[in-house]
Number of protein chains: 2
Amino acid sequence: MSVHVSERSVRRLSLYRRFLLHAQASGSCYLFSHDIATATRTSAAQVRRDLMAISSSGTASRGYHVADLLKSISHFLDAPAPQHVALIGLGNLGRAVFAYFVGRHPNLRITLTFDIDPAKTCRLINGCPCHNIHELNDLCPTHGIRMAILTVPATEAQTVTDMLVRGGIRGIVNFAPVTLYVPVGVFVETMDFSISLETAAFFSRA
Amino acid sequence: MSVHVSERSVRRLSLYRRFLLHAQASGSCYLFSHDIATATRTSAAQVRRDLMAISSSGTASRGYHVADLLKSISHFLDAPAPQHVALIGLGNLGRAVFAYFVGRHPNLRITLTFDIDPAKTCRLINGCPCHNIHELNDLCPTHGIRMAILTVPATEAQTVTDMLVRGGIRGIVNFAPVTLYVPVGVFVETMDFSISLETAAFFSRA
DNA sequence: CCCTTGCTGTGAATGATTTCACGGTGTGAA
DNA sequence: TTCACACCGTGAAATCATTCACAGCAAGGG
Ligand SMILES: NC(=O)c1ccc[n+]([C@@H]2O[C@H](COP(=O)([O-])OP(=O)(O)OC[C@H]3O[C@@H](n4cnc5c(N)ncnc54)[C@H](O)[C@@H]3O)[C@@H](O)[C@H]2O)c1
Ligand SMILES: NC(=O)c1ccc[n+]([C@@H]2O[C@H](COP(=O)([O-])OP(=O)(O)OC[C@H]3O[C@@H](n4cnc5c(N)ncnc54)[C@H](O)[C@@H]3O)[C@@H](O)[C@H]2O)c1
C-alpha cells in the first residue's frame with residue numbers, strides 16, 4: 001500500500017482534497033486529472049502520479065469519481081480518529097489562528113492551549129481553557145496529543161520546543177522566525193512570513 | 001552574474017541572511033559553511049553551492065567573512081532602493097501581519113493599505129492611511145508598488161488579485177486558502193495554514 | 001621549512017521529482 | 001458496428017536538486 005509518498009505529494013494531496021470538497025459542494029460528481037491540476041497549479045500527469053501513489057483510480061471516460069477520491073485521500077491523509085492539537089502562545093497570532101481553525105478541520109482539533117502569562121491562563125478562550133505552560137509535560141501525554149502549533153515569541157521557541165518534544169509531540173507547526181532543533185522523527189513545519197515575503201519581493205522583480 | 005538562481009536557493013539565502021544578522025549581532029566575524037548549515041537545517045555543501053551561485057567566496061582557513069557575506073546576499077536579494085508593499089484586507093490577520101512587519105524589514109515597507117469596509121478606510125492604522133479598495137488601480141502604479149500581501153476573505157481573493165494584477169503588482173503573498181490564477185510573470189506565494197497543518201499532522205504519525 | 005589539518009570551490013555522481021509518451025480502454029457519433 | 005477521441009495508468013526519459021569527493025590552499029605546529 002504505502003510504499004513511500006513524498007512530502008510534496010502529501011502537500012498536493014491535501015490541496016487536491018480541498019479543491020475536491022469545493023467541487024463536490026458545487027455539484028461535480030466526476031473530474032478529470034487536468035481539472036484537478038488547473039485548480040491546484042500543477043500538471044495532469046502530476047495529479048495522476050500522486051493519485052497512483054495512494055492507489056486511487058479513475059476511468060478513462062469520466063475521470064475520477066469525486067466522492068470516492070475524497071474517501072481515498074482522506075483515508076490516506078487522516079488518522080483513523082480525529083487528532084488533537086495543542087496551541088502554545090495565545091498572543092495576537094495565536095488567538096487569530098485559534099479562531100481561524102475552529103470548525104475548519106473536522107479531524108484536527110485544538111483541544112489544549114498553553115501560555116505563560118497568568119493573565120491568559122485560567123481563562124476560557126474560544127471555550128477552551130488555557131493552561132500554564134508548565135503543565136504541558138503532564139497534559140500532552142494524558143490527552144494523547146502528538147501535534148502542536150507554536151505561536152510564542154522567537155526567543156522562547158526553542159525552549160518550548162524542547163518541552164514539547166519531551167512531552168511526546170512529533171509534529172510542530174512553528175510560526176516563530178527561527179530554526180528549531182528537534183530530534184529525528186519530529187516533523188517541523190515553519191511558517192516563515194519573512195522568508196516568504198522576501199522571496200516574493202525577489203521574484204516580483206525577476 | 002546571475003545566470004539562474006532557483007527559488008529554493010533564494011529562500012535559503014534569505015534564511016542565511018537572517019542567521020548571519022543574528023550571528024553578527026552576537027559578535028561573530030567569520031563563519032564556516034557548516035556553521036551556517038546547522039543554523040539553517042541544511043548541509044555545508046548546500047551552503048557553499050548557494051553562495052557560489054551569488055559569487056561570494058570565503059577563505060579556507062577562516063571561512064566566510066560575515067559582514068562581506070551579508071553585503072553580498074543583500075546585494076543579491078534586495079532591490080537597489082527599498083521596495084514598497086501594499087496590504088489588502090485589514091481584518092484580524094491583516095492587522096497582526098501589519099504590526100508584525102513594522103520595522104522588521106528595512107527594505108520592504110508596507111506603505112499602502114486597502115480595505116472595502118468603510119469602517120476601516122479613512123482611518124490611520126499603524127500611522128498609515130487605509131484606502132478604499134477601488135483606489136487600488138490608481139494608487140499602486142503612482143506609488144511604484146509591485147508587491148502585495150493579501151489578507152482578504154477567500155471568496156474575495158481572486159477578485160482582488162485581478163485588480164492587483166491590473167494595477168501592476170508582480171508579487172503576491174497570499175494568506176487566503178485558495179489557488180490564485182495570475183498571468184505568467186506574476187509570482188504568488190501562498191501561506192497555507194491548513195495545508196501546513198495537515199502535512200504536519202500526517203508526518204507526526206509517520 | 002615542511003607537514004598536517006581542515007576548509008573552500010566545484011566537477012561529477014547521485015537522488016528526487018516531474019514530464020513525456022504511449023498502450024489500453026470506455027464512450028459517443030456516424 | 002466501427003471509428004475517432006480523450007483520458008487513465010505507467011515505464012522511461014528528462015529535468016532539477018543535493019551530495020560526494022577531491023584538488024588546492026592558508027594557517028599553525030614542530
Ligand atoms: N503577529 C504576527 O502577525 C506574526 C507574524 C509572523 C510571525 N509571528 C511570530 O509568531 C510568534 C507570536 O507572535 P505574536 O504577535 O502573537 O506575539 P505575542 O507577544 O502577541 O504573543 C506571544 C504569546 O506567547 C506567550 N508566551 C511567551 N513565552 C511563553 C512561554 N515560554 N510559554 C508559553 N507561552 C509563552 C505570551 O504570553 C504571549 O501570549 C512570534 O514568534 C512571532 O515572531 C507573528
Ligand atoms: N485569521 C487567521 O488566523 C487566518 C489564518 C489563516 C488564513 N487566514 C486567511 O486570511 C484571510 C483573512 O482572514 P481574517 O481572519 O483576517 O478575516 P477578516 O474577515 O477578519 O478580515 C478580512 C478583511 O478583508 C476586508 N475585505 C473583504 N473584502 C474585501 C475586498 N474585496 N477588498 C478589500 N478588502 C476586503 C474585510 O473588510 C476585512 O477587513 C482569509 O482569507 C483567511 O482565510 C486567516
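To find a chain, count down the sequence lines: A is the first, B the second, and so on, and within it residues start at 1.
Note on Ser57(B): only backbone sugar-phosphate atoms sit closer than 4.0 angstrom, heavy atoms only; bases stay farther off. Counting any heavy atom pair closer than 4.0 Å across all strands shown, Thr42(B) reaches no nucleic acid atom. Ser9(A) comes within contact range of no nucleotide atom at all, as no heavy-atom separation falls under 4.0 Å.
You'll find that the side chain of Ser6(B) is closest to dA17(D), out of dT19(C), dA17(D), dC7(D). Closest to the side chain of Ala60(A), from the set dT8(C), dT19(D), dT25(C), is dT25(C).
For Ser61(B) and dC7(C), the shortest distance from a side-chain N or O to OP1 or OP2 is not below 4.0 Å. An OP1 or OP2 oxygen of dT19(C) is reached within less than 4.0 angstrom by a side-chain nitrogen or oxygen of Ser43(A). Residue Arg48(B) has a polar side-chain atom (N or O) positioned under 4.0 Å from OP1 or OP2 of dT8(C).
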- Query: Yes or no on salt bridge (charged side-chain N to carboxylate O under 4.0 Å, His left out) for Glu198(B) and Arg11(A), after CA distance, side-chain angles and deciding distance?
  - Reply: CA-CA 8 Å; Glu198(B) 293 193 351; Arg11(A) 276 206 159 68; over 6 Å; no

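Straight-line distance from the CG atom of Leu31(A) to the C1' atom of dA6(D): 16 Å, rounded to whole Å. Going from atom CD1 of Ile54(B) over to atom C1' of dT10(C) covers 16 Å, rounded to whole Å. Atom-to-atom, NE2 of His65(B) to P of dC7(C) comes out at 19 Å; the value is rounded to the nearest Å. Per the geometry, CZ belonging to Phe32(A) stands 15 Å off P belonging to dG26(C), to the nearest Å. The interatomic distance linking Tyr64(B) (OH) with dC25(D) (C1') rounds to 14 Å, in whole Å. Remark: P of dA17(D) and NE2 of His4(B) are 8 Å apart, rounded to the nearest angstrom. Separating the OH atom of Tyr30(B) from the P atom of dA26(D) is a distance of 14 Å, rounded to the nearest angstrom. In this structure, CE of Met52(A) is placed 13 Å from P of dT18(C), rounded to the nearest angstrom.
No side-chain heavy atom of Phe187(B) sits less than 4.5 Å from a side-chain heavy atom of Ile172(B). Leu150(A) is listed as a side-chain neighbour of Leu180(A), based on a closest heavy-atom distance under 4.5 Å.
Ring planes of Phe202(A) and Phe76(B): tilted class, angle from 30 to 60°.
Taking the six-membered ring for Trp and the full ring otherwise, the centers of Tyr100(B) and Phe175(A) sit at least 6.0 Å from each other.
For Arg49(A) and dT19(C), a side-chain-to-base donor-acceptor distance below 3.5 Å is present, hydrogens and geometry of angles not being considered.
Comparing Arg62(A) and Arg8(A) along DNA chain D, the residue whose closest nucleotide (by nearest heavy atom) sits nearer the 5' end is Arg62(A).
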